[in-house]
2 protein chains.
Amino acid sequence: MNENIDQEDDVSVNYNARKYRTPDGAPTDIVIFTITSTDRAKAKKTLPHRELQVLLIKRKRWPFEGRWALPGGFTNETETVHECAKRELCEETGVKNVHIEYFNAYSAPNRDPRGWMISHAFFALVNEVELSSREAASDAAEVGLFSMDEAAAMELAFDHNLILQDALARIREMMVTTTIAKSFLPVEFTISELYQVLQTVVPDFEERNFIRKITSTQSRRGIIEEVRNRAGEPMLSNRHSQRAAQLYRFTDYVPRLSIYS
Amino acid sequence: MNENIDQEDDVSVNYNARKYRTPDGAPTDIVIFTITSTDRAKAKKTLPHRELQVLLIKRKRWPFEGRWALPGGFTNETETVHECAKRELCEETGVKNVHIEYFNAYSAPNRDPRGWMISHAFFALVNEVELSSREAASDAAEVGLFSMDEAAAMELAFDHNLILQDALARIREMMVTTTIAKSFLPVEFTISELYQVLQTVVPDFEERNFIRKITSTQSRRGIIEEVRNRAGEPMLSNRHSQRAAQLYRFTDYVPRLSIYS
DNA sequence: CCAATAGTGTCTATGAGACACTATCAG
DNA sequence: CTGATAGTGTCTCATAGACACTATTGG
């Protein structure tokens with residue numbers, strides 16, 4: 001047991017980490033979520049079909065050669081794991097400045113055949129429009145988007161099935177408690193789009209009077225605001241409907257939730 | 001740059017991590033919070049003065065010898081970082097089965113003079129009654145409880161000031177969105193005690209009609225329940241007051257919060 | 001004029017928030 | 001009978017939740 005190195009080691013300025021078994025790397029794994037919209041085959045304008053998907057890459061090397069895995073890579077000594085994750089995300093998808101967040105460490109012994117690897121897991125939320133250009137550029141055989149059902153049915157490399165499920169649970173919770181839904185929406189969106197995105201990530205989210213609560217209650221006033229043009233007229237969109245719908249955008253307001261009030 | 005080792009390395013079953021710069025250890029740091037109660041010097045029964053405190057240890061070795069630091073230690077290859085944190089918590093305080101939770105990784109280059117150390121930070125919530133026995137046993141000069149103000153004013157070892165502030169922000173948020181307040185309370189408690197604990201951790205938490213909301217509104221019904229004896233009579237406590245107060249306990253109910261409903 | 005989306009009217013029951021008020025009881 | 005804690009009465013206004021209803025407009 002090499003616990004308490006810093007307390008039970010002999011007192012020495014010449015601390016030498018090489019005396020101990022040390023990790024064989026500090027990998028990051030990034031669960032990249034996106035929501036794809038596919039137009040339903042109808043003559044009239046309709047809301048698209050949306051699906052939550054995760055980006056996976058096909059491994060070309062041992063270990064788990066040929067298996068699908070979460071994108072990621074090894075952290076350098078000169079960067080933080082957060083910087084590493086952002087770098088890997090950019091390399092994999094070409095996007096920057098998206099919502100990326102650390103959520104857990106995976107450190108089960110033998111989770112990686114290459115050695116003692118404690119993985120730092122992140123999730124990222126990427127808008128499909130930002131992802132689409134990269135999709136074409138990549139080798140389609142090696143990068144793929146999969147629905148949650150598809151991914152859950154696959155045998156991913158390492159403990160990536162577990163990481164994916166944990167990430168999914170996390171974003172489901174955050175989807176309704178924070179404003180991260182904005183990552184899956186254009187800056188200006190309609191209430192239906194917002195509602196659809198929420199339902200796509202959290203299937204059992206249901207609010208029958210959603211439009212009223214979001215637009216005409218004090219407590220939620222401030223999360224989103226109506227978009228108006230310079231003349232102060234409401235801006236509308238009819239991209240999904242005959243009747244034009246009011247456009248909204250998220251504000252910077254961060255609501256405080258509490259189980260006690 | 002040794003990024004993407006697993007993809008850009010030559011194909012080889014004889015992967016050798018020693019070819020790369022690897023971390024020099026996988027330390028954990030544990031922010032152990034407790035709430036102390038000290039009776040106010042009064043003749044009559046009063047509510048105690050409560051204060052949120054954090055447990056720190058005085059380092060005996062290089063680096064940062066003599067400085068106060070968060071307790072923690074190095075993870076072994078045979079355990080997860082979560083197991084390591086629980087082990088260290090038990091060694092430091094003697095308590096098991098308390099709320100301990102992972103919340104972030106600290107990986108800034110050069111955060112540790114001993115080498116490349118990515119620290120896994122946990123916070124733990126320990127009831128003062130569980131901590132009191134250990135307090136006497138420990139060398140008082142080396143283990144101490146400090147208020148948030150005291151600790152923030154100290155120059156802690158490593159980046160432990162940052163870790164402490166992050167942990168504090170996290171438990172402040174969780175204190176009002178989850179039922180972790182139970183960690184600082186006896187199993188059976190009065191409404192005043194609960195309210196006091198909430199205010200101790202989150203100073204700007206204020207609910208003037210707290211007792212009504214918690215006891216007589218549908219939406220919160222289920223978080224706590226009245227304690228009754230076998231005969232079905234309400235159990236009361238007068239430990240802090242002349243007039244006896246109803247005792248409550250937390251249920252297993254986990255409320256779902258949402259900014260959209 | 002239909003289908004699909006957008007949005008309103010209206011009702012009831014419940015809760016939020018404010019503030020004054022009563023209850024208990026050791027010292 | 002005072003001080004400290006515990007808890008209630010009562011008011012107004014806002015909101016939740018349900019459900020039927022109207023509005024818009026391309027095809």
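Proteins get letters first, then strands, A, B, ... in listed order; numbering begins at 1 in each. No experiment lies behind these values; they were computed from the predicted model shown.
- Using the six-membered ring where Trp is involved, B/Phe210 and B/Phe205 have ring planes that are perpendicular, over 60° apart on the 30 and 60° scheme.
- Aromatic ring centres of A/Phe123 and A/Tyr102: separated by at least 6.0 Å.
- Which of D/dG17, C/dA18, D/dT8 sits closest to the side chain of A/Glu207 comes down to D/dG17.
- The distance between the ring centers of B/Phe122 and B/His82 falls below 6.0 angstrom.
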Distances under 3.5 Å only, N/O to N/O: pair up the protein atoms with those of nucleotides 10-15 of chain D.
residue : atom : partner  : partner atom : Å
D/dT15  : OP1  : A/Gln218 : N            : 2.6

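- One distance of note links NE2 of B/His120 with CD1 of B/Ile30; it measures 12.5 Å at 0.5 Å rounding.
- Residue B/Ser261 is in sugar-phosphate contact alone, with no base atom involved, counting any heavy-atom pair closer than 4.0 Å across all strands shown.
- The interatomic distance linking A/Glu193 (CD) with C/dG7 (P) rounds to 11 Å, in whole Å.
- Atoms CG (A/Asn209) and C1' (D/dA20) sit 12 Å apart, rounded to a whole Å.
- With sequence neighbours left out, the side-chain hydrogen bond (donor to acceptor under 3.5 Å, both in side chains) criterion links A/Glu188 to no other residue.
- Rounding to whole angstrom units, CZ of residue A/Arg208 and C1' of D/dA16 are separated by 13 Å.
- Rounding to whole angstrom units, CD1 of residue A/Ile259 and P of C/dA16 are separated by 14 Å.
- Whole-Å rounding puts the A/Lys45 NZ to D/dT24 C1' distance at 12 Å.
- Across all strands, A/Ile191 comes closer than 4.0 Å to no nucleic acid atom at all (heavy-atom distances).
- Going from atom CD1 of B/Ile214 over to atom P of C/dG17 covers 14 Å, rounded to whole Å.
- B/Glu226 has its CD atom 12 Å from the C1' atom of D/dG7, to the nearest Å.
- With rounding to the nearest 0.5 Å, the separation of CD1 in A/Ile35 from OG1 in A/Thr200 is 5.0 Å.
- In the region residues 234-248 of chain A, proximity to DNA chain C at under 4.0 angstrom, judged on heavy atoms, holds for A/His240, A/Ser241, A/Arg243, A/Ala244, A/Ala245, A/Gln246.
- One atom, OH of B/Tyr260, and another, P of D/dG17, lie 17 Å apart when rounded to the nearest Å.
- We find the CD1-NZ distance between A/Ile180 and A/Lys182 to be 10.0 Å, quoted to the nearest 0.5 Å.
- Ring geometry for A/Trp68 against A/Phe146 counts as perpendicular: the plane angle is over 60°, on a 0 to 90° scale with 30° as the lower cut.
- You'll find the side chain of A/Phe189 stays beyond 4.5 Å of the side chain of A/Leu247, heavy atoms only.
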